[in-house]
Number of protein chains: 2
Amino acid sequence: MDVKTLCLGALQLGDATGYEIKKMFEDGLFSHLHQASFGSIYPALARLEHEGLAISIPVAQEGRPDKKVYRLTAKGHEALVEALQSPPMPDRQRSDFLFILAFGHLLPPTRLRTIIEARIAWYRACIGRMESCDLSRHPPSVRLVNGLGLAVYRAAVEYLEMNLDAAVADEQPAQPFVAE
Amino acid sequence: MDVKTLCLGALQLGDATGYEIKKMFEDGLFSHLHQASFGSIYPALARLEHEGLAISIPVAQEGRPDKKVYRLTAKGHEALVEALQSPPMPDRQRSDFLFILAFGHLLPPTRLRTIIEARIAWYRACIGRMESCDLSRHPPSVRLVNGLGLAVYRAAVEYLEMNLDAAVADEQPAQPFVAE
DNA sequence: GGTTGCATGTAAATGGTTACATGATTGT
DNA sequence: ACAATCATGTAACCATTTACATGCAACC
């Protein structure tokens, strides 16, 4: 699933600029399912327009450079529906955090604790962002995906909180106390 | 976190061949945190050996070509610990499934149901694989990460099962019954 | 005066996947 | 006979990220 298709999906949820689409991947509705940077979004939108799958509407702004609001065409809509039909590629997760955590036994316990606590805070921030998304204007399927993300993040927080102390204690290096 | 570091981690858990490391990413302990293909693992191992971070021990096999079992050196161990210290890159998830699910309202309800059911089955398979990993010889931190993966997958299954019927019903196209 | 947010775009570098090449054994 | 498992490796290709280039407004 390339950035072009991702943009098609973003635009299906409503007209948007490249900048706004980027935010969807960063903070918004898409943050937990895919990501894309400006360097891939802008060229993708240009290609979408070139292929007649979207049109761009220049919008003048006071004190700011113009922005280009993109809108899906009927052809673009069809292209999205077709892309949705093809079997999805397997999920691809890459989490440096999880990898580091797997080697917590090589880290000082205090550091391990800090890392896990930071992660819990990060999950909470994600949960907060996802809860504050306005889903009222979006179809139920978008809400379903949002809810799935929330369920997963909440489970992760719960698990880490339940196991934090034990995990850090387990990793105490086996150094016997030395009498001074 | 590049494949080289990932291999360093794999070898820290025990000597292994490139083939076995690949399996760790496919089926094994690493399957839910990162992935790597042969095309990246073999060159990474070669570089690791070239840099003195690992050594390879050729092992003859009956009726099979030799295999190269890699083993971490002290220097390799240090390199891993150092890599573990650097702040992790943000998680990067790309899930075509989640994207497609977000546009379930554009799909026929029966198809949507099939997709979600297939996903539940996939989660169950992952859970099965992770439960059958032998963790006894691994440090508690590896068990923690395994447990976190399980908690997350189980939450996902639970959520999807709880919402499947409602989700598919919601997406019924607004076509009124037509008397025959 | 520096950072953040808005706003678009390009080019180089990167890193990894995909596909290929090879080959024996075991199971269906 | 065919597929799958074990086993290693290379090279072309690809998509995406990173860094750069530009500029104004608002906030601290």
Side-chain angles (χ1 to χ4, degrees), chain A residues 1-8 10 15-28 30 33-50 54 56-70 83 89-96 99 129, chain B residues 1-7 10-11 15-28 30 33-50 54-70 83 88-96 99 129:
Chain A
M1 201 141 282
D2 56 18
V3 179
K4 242 174 66 189
T5 312
L6 262 19
C7 288
L8 243 25
D15 298 352
T17 65
Y19 191 85
E20 284 163 350
I21 292 174
K22 171 76 193 317
K23 277 207 317 192
M24 288 178 73
F25 286 104
E26 226 169 50
D27 297 319
F30 286 0
L33 40 106
H34 258 281
Q35 47 270 112
S37 60
F38 287 130
S40 54
I41 291 170
Y42 284 121
L45 288 171
R47 285 189 58 193
L48 247 29
E49 186 168 30
H50 182 251
S56 72
I57 304 145
V59 173
Q61 292 184 121
E62 331 154 19
R64 289 250 176 70
D66 283 14
K67 60 179 178 180
K68 281 163 112 173
V69 176
Y70 284 88
M89 296 229 71
D91 282 27
R92 187 153 292 177
Q93 165 136 37
R94 32 191 57 199
S95 172
D96 286 5
F99 180 78
R129 265 189 273 115
Chain B
M1 199 141 282
D2 55 19
V3 178
K4 242 173 69 189
T5 311
L6 261 19
C7 288
L11 295 177
D15 299 351
T17 65
Y19 190 84
E20 284 163 350
I21 292 175
K22 172 77 191 320
K23 276 207 318 192
M24 288 178 74
F25 286 103
E26 227 169 50
D27 297 318
F30 287 0
L33 38 107
H34 257 280
Q35 48 269 111
S37 59
F38 287 129
S40 54
I41 290 171
Y42 284 120
L45 288 171
R47 285 189 57 193
L48 248 29
E49 186 168 30
H50 182 251
I55 52 162
S56 72
I57 303 144
V59 173
Q61 291 184 119
E62 332 153 18
R64 290 249 175 71
D66 283 13
K67 60 180 179 179
K68 281 162 111 174
V69 176
Y70 285 87
M89 298 231 70
D91 282 27
R92 188 151 291 179
Q93 166 136 35
R94 31 192 57 201
S95 172
D96 286 5
F99 180 78
R129 265 189 274 114

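Chain naming here is simple, since letters A, B, ... match the order of the sequence lines and numbering starts at 1 in each. Side chains included, hydrogens not; waters and symmetry mates left out as well; all remaining heavy atoms used.
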Asks: Picking from dT5(D), dT17(D), dA7(C), which would you name as closest to the side chain of Y19(A)?
Replies: dA7(C)
Asks: Just the rounded figure in Å: distance from C1' of dT10(D) to CZ of F38(B).
Replies: 14 Å
Asks: Can you tell me if D96(B) uses its side chain to pair, donor with acceptor, with the backbone of M89(A) under 3.5 Å?
Replies: yes
Asks: If you define the side chain from C-beta out and look only at heavy atoms, does anything of Y70(A) sit under 4.5 Å from I21(A)?
Replies: no
Asks: In whole angstrom, give the distance that lies between atom CZ of R47(B) and atom P of dT14(C).
Replies: 11 Å
Asks: Going by the rule side-chain hydrogen bond (donor to acceptor under 3.5 Å, both in side chains), which residues pair with T5(A) if we only count those two or more places apart in sequence or in a different chain?
Replies: D2(A)
Asks: Report the relative orientation of the aromatic rings in F38(A) and Y19(A); use parallel for angles under 30°, tilted for 30 to 60°, perpendicular for over 60°.
Replies: parallel
Asks: Show each protein N/O and nucleotides 21-27 of chain D N/O combination with a separation under 3.5 Å, one pair to a line.
Replies:
residue : atom : partner : partner atom : Å
dC24(D) : O3'  : G63(A)  : O            : 3.3

Asks: For K4(A) and for D66(B), locate the closest nucleotide of DNA chain D by heavy-atom distance; then report the residue assigned to the nucleotide nearer the 5' terminus.
Replies: D66(B)
Asks: What nucleotide, of dT8(D), dT18(C), dA7(C), holds the atom closest to the side chain of M89(A)?
Replies: dT18(C)
Asks: Starting at atom NZ of K23(A), determine the distance to atom P of dT8(C), rounded to an integer number of angstrom.
Replies: 11 Å
Asks: For the side chain of S40(A), starting at C-beta, report the closest nucleotide among dT18(C), dG9(D), dT17(D).
Replies: dT17(D)
Asks: Roughly, in whole Å, what's the span from OH in Y42(A) to C1' in dT10(C)?
Replies: 12 Å
Asks: Could you tell me the separation between the CG atom of D27(B) and the C1' atom of dT5(D), rounded to a whole number of Å?
Replies: 12 Å
Asks: Between atom NE2 in H34(A) and atom C1' in dT17(D), what is the gap in whole Å?
Replies: 16 Å
Asks: If you compare all heavy atoms of E20(A) against all heavy atoms of D15(A), which two are closest, and at what distance to 0.1 Å?
Replies: OE1-O, 4.3 Å
Asks: Is T17(A) close enough to dT8(C) that one of its side-chain N or O atoms is under 4.0 Å from OP1 or OP2 there?
Replies: yes
Asks: Starting at CD of E20(B) and ending at P of dT5(D), how long is that distance when rounded to a whole Å?
Replies: 15 Å
Asks: Would you kindly give the CD-to-P distance between Q61(B) and dT25(C), to the nearest whole Å?
Replies: 12 Å
Asks: Check step by step if side-chain contact (heavy atoms from CB on, under 4.5 Å) holds for T17(A) and K22(A).
Replies: CA-CA 9 Å; T17(A) 65; K22(A) 171 76 193 317; over 6 Å; no
Asks: Among dT8(D), dG9(C), dG16(C), find the nucleotide with the atom closest to the side chain of K68(B).
Replies: dT8(D)
Asks: Taking 4.0 Å as the cut-off, does a side-chain nitrogen or oxygen of K22(B) come that near to OP1 or OP2 on dA7(D)?
Replies: no
Asks: For a quick test of reading the model, state the closest non-hydrogen atom pair linking F25(B) to I41(B) and the distance between them.
Replies: CD1-CD1, 4.2 Å
Asks: Would you mind telling me which residue lines up with the more 5' stretch of DNA chain D, K67(B) or A46(B), judged by nearest nucleotide?
Replies: K67(B)
Asks: Hey, does G18(B) reach any base, or is it just sugar-phosphate, or nothing, if we go heavy atoms under 4.0 Å?
Replies: sugar-phosphate
